[in-house]
Amino acid sequence: MVSFNGKKMGYLDTLNNEQYIAATTVDGPVLILAGAGSGKTRVLVHRIANMIDNMGVNPWNILAITFTNKAAGEMRERVDNIVGAGADSIWVSTFHSMCVRILRRHIDCIGYDSNFTIYDTDDQKSVMKDIMKRLEIDTKFLKERTVLSAISSAKDELIDPDEFEENCKGDYKKEQIAKLYRAYQETCKQSNALDFDDLIVKTVELFEKCPEVLNNYQERFRYICVDEYQDTNTAQFELIRLLADKYKNLCVVGDDDQSIYKFRGANISNILDFEKVYPDAKVIKLEQNYRSTQNILDAANAVIRNNVGRKDKSLWTDRGSGEKLHYRQLETAYEEADYIAADMAKAIRNGDCGYGDCAVLYRTNAQSRILEEAFVKRSMPYNVVGGVNFYSRKEIKDILAYLKTIDNAVDDVAVKRIINVPKRGIGQTTVNRVSDYALQNGIGFFAAASMADRIDGVSKAAATKLTGFVDYINEYRDKAQMMSIEQLIDDILKTTDYIDELKANEEDADERIENIDELISKAVSFEEEAEEVNLSSFLSDVALVADIDRLGDEQTKVVLMTLHGAKGLEFPRVYIAGAEDGVFPSASAIFDEDPTQIEEERRLAYVGITRAKDVLTITAARQRMLRGETQYNQVSRFVREIPEELLDNRPEKVRRMDIMEYDESSSERMSFKAAPFGITGAGSVYGMSRPKAVVTKKTTPQECKPYIAKTGLLSNAGIQKGVVKSDSLEYAEGDRVTHIKYGVGTVTKIESEPRDYKVTVDFDSAGTKIMYAAFAKLVKI
DNA sequence: CGTACTAGTCTTTTT
DNA sequence: GACTAGTACG
């Protein structure tokens, strides 16, 4: 290492002024506001290296928390490359894996076993389903999803079942959720299982209940660094606060403009109020961008400027303006996909870039399919990141459930999953009987199964099958000590004939077998690399893998992923597909009465735009199929927020849209065939809540009838809403009429409003509906 | 007990 | 349109 004037080490010389300050401010609380592409990771890596090389900090005392395992791996590698020795004793990990590591050591202090299992979303769902059945709560009244997301939000805010119950007095629905929350926690505890949120919550609980454990980690982690700080939630903040409380050497790095995980509990005030919590915090802004061209940055700045309540900053670069941004609106989503693939192919033919330089970003995973088809058609290599997580595929979950059962037999979800996979002739009735027995006796399902012969209602034959299964697992429990994980999986596959079953029953057996092979490879590499090799740690390792983590460094394929997935990445050539109001920003954000929803989408747009280094292409389709219905969408408002001189094509003017139905009595989705006013074509309904239903349809101004903006929200959306009143109705109060969807009913009320008649109909089977005459198209019978 | 069909729900985004 | 849960039947 070269030393200049005995002051700076050589590698720090490569930093700009702000970066240098950030890398050398080591003691006390530090907030680094790092704009997109401002060399944040570089700064972090140099900062750590500087601490070790120049400040005499022991690597062992450094904790770096990142968002994904992939980011953690990259950071470790880069630190390794510039630090002489000892880099491997730095603790670099994600929040979740850090918590697992801590909990595996100390969770017995708060009453769990160290071989706890981790429940993913599927597991949570099946637990909740069981509970709701048991407590006889109708899933039509309360959906599992709703309950689980309420619980998750509570945990993000460190609200336990007691406090939750306190907070919801008087609200029946919430009281039910409180009851379910409590039952859910009890069930998880009994199954010795934690869900993702629990990993954080229980670690905080552990630190609060066991000061000596906390002190131990405070001493160890004297220097803490948190990346993507804008995405931390309240629980994570508290965790960090506790850890840093003793030495207060806490460095957080983030960008409030890139906060895109509010739906997951991210609390943007963590970053906005950092200086309030740590008044002596040093704040450093990194605004010079080393990634993109000025045109791209100008576009990003222009878009994000429309948000209020952000820390003011503006990216700049000395790279030069570069190409204009490309914007294309195609007729359909197919043409859009085709355009993207063709445009990319052309660039590659020209030698402008390789496949690996290109990424296509979209708002929802569902958009990937059409794009994939386009790439397949042209035989272009691509990689889809996200969608169904590898480890949540059926065949993988089955095998993991075997391992979980062997490792932690009280994990009822795992046991029930495999008790009849492959088929052992143990049916639902038997499973229910055993479940009931387990519940009555306060034991786990597996324990109950082992005493099957004592359970009323379980036939001799069924009991034999059950004990057969129990013996089978128990045998493995002994054998597992002597076997590698790879051998264990192989053996299970063999003894269960799993592969043959697959071949016999599944259409896509080959693909599934490949997946299983990949799981086995994962097991092998885990056993080679992991510090602690046992079943529990393998299972948690696997549970915490994000899809992005599996994206290798191979630079030979086009990457397809959601805008969320793209955070932290960069590509020379980026396509943003589906730039339409209703897709991006999503319909739910547009119609939400909370305006910050749109701001979050806008931040997502900012993230997307700033992924591009050289060339950015934004595409939209005039019509696309969504949930089986064709929608006609406007160009995304975010495209219109980009100054026209930065685009190679002007976005078309807001198309007037015709309108809609409006049914205040129900939030049901309504499909809407053809316009009622002689306008041809079909519209569809979107906007699941609030302004209820809105139908949009492509139309020319001449075709449009007078419009009424029924609500401010709709006019904000660039969509207008209107109806045309007919002179008279063919039916009157008391008449029997039919409705295309609701069937036959009796008209109970007709109110004449300025623009239309509001008709109340008491349907024979669908109940009472209030609707506007122009849309209801009621026919007298 | 297992299979085949039907009806309902769903989509924002993920560690 | 796709997937899943629930139901009816063999």
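In the text below, chain A, chain B and the rest are named by the order of the sequence lines, each starting its count at 1. It should be emphasised that the depicted structure is a prediction, and the values quoted were computed from it without experimental measurement. We use all heavy atoms of the structure for the numbers below, so side chains are in, but hydrogens, waters and symmetry mates are not.
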* Asked: Where does the angle between the aromatic ring planes of A:Y261 and A:F67 fall among parallel (under 30°), tilted (30 to 60°) and perpendicular (over 60°)?
  -> tilted

* Take the protein atom CG of A:L148 and the nucleotide atom C1' of B:dT15, then report the distance between them rounded to whole Å. => 16 Å

* **Below 4.0 Å: OP1/OP2 of B:dC1 and any side-chain N or O of A:N420** => no

* Any side-chain N or O of A:N233 less than 4.0 Å from the OP1 or OP2 oxygen of B:dT15? -> no

* Between B:dT14, B:dG2, B:dT15, which one does the side chain of A:H96 approach most closely? -> B:dT15

* Listed by chain and number, what are the salt bridge (Lys or Arg N to Asp or Glu O under 4.0 Å) partners of A:E501, not counting sequence neighbours? -> none

* **d(CZ, A:F390; C1', B:dT14) in whole Å** => 18 Å

* Between B:dT14 (C1') and A:D156 (CG): distance, integer Å -> 12 Å

Below 3.5 Å, can you tabulate the donor-acceptor pairs from side chains in residues 233-242 of chain A to any protein atom, sequence neighbours excluded?
| unit_1 | atom_1 | unit_2 | atom_2 | d |
| --- | --- | --- | --- | --- |
| A:N233 | OD1 | A:A235 | N | 3.1 |
| A:N233 | OD1 | A:Q236 | N | 2.8 |
| A:N233 | ND2 | A:D156 | OD1 | 3.3 |
| A:T234 | OG1 | A:E157 | OE1 | 3.1 |
| A:T234 | OG1 | A:E157 | OE2 | 3.2 |
| A:T234 | OG1 | A:N267 | ND2 | 3.2 |
| A:Q236 | OE1 | A:N233 | N | 2.9 |
| A:E238 | OE1 | A:R241 | NE | 3.1 |
| A:E238 | OE2 | A:R241 | NH2 | 2.9 |

* With a 6.0 Å cut-off on ring centres, are A:H564 and A:F263 close enough? -> yes

* **Atom-pair distance (CZ on A:R369; P on C:dC3), nearest Å** => 9 Å

* P atom, B:dT13 versus C:dT4: distance in rounded Å? -> 15 Å

* To do: Find out whether the Lys NZ or Arg CZ of A:R603 is both under 6.0 angstrom from the six-membered ring centre of A:Y606 and within 45° of the ring's axis.
  => no

* Asked: Do the side-chain N or O atoms of A:R145 get closer than 4.0 angstrom to the phosphate oxygens (OP1, OP2) of B:dT11?
  -> yes

* **A:N365 vs B:dT13: side-chain N/O to OP1/OP2 distance below 4.0 Å** => yes

* Would you say A:K129 reaches C:dG6's phosphate, i.e. side-chain N/O to OP1/OP2 under 4.0 Å? -> yes

* Please tell me which of A:T68 and A:E601 maps to the more 5' nucleotide of DNA chain B, matching each residue to the nucleotide holding its nearest heavy atom. => A:E601

* B:dC1 OP1/OP2 closer than 4.0 Å to side-chain N/O of A:T430 -> yes

* Asked: Does A:S97 make a side-chain N or O approach to OP1 or OP2 of B:dT15 shorter than 4.0 Å?
  -> no

* To do: Check whether any side-chain nitrogen or oxygen of A:K143 sits under 4.0 Å from OP1 or OP2 of B:dC10, and answer yes or no.
  => yes

* To do: Just call it for A:F95: base, sugar-phosphate, or nothing, with non-hydrogen atoms closer than 4.0 Å on any strand.
  => nothing

* Between A:L544 and A:I426, just flag the one whose closest nucleotide in DNA chain B comes earlier from the 5' side. => A:I426

* Asked: So, do A:Y261 and B:dT14 meet the stacking rule of ring centres under 5.5 Å and planes under 30°?
  -> no

* To do: For B:dT11, take OP1 and OP2 only and decide whether either is under 4.0 Å from a side-chain N or O of A:S588.
  => no

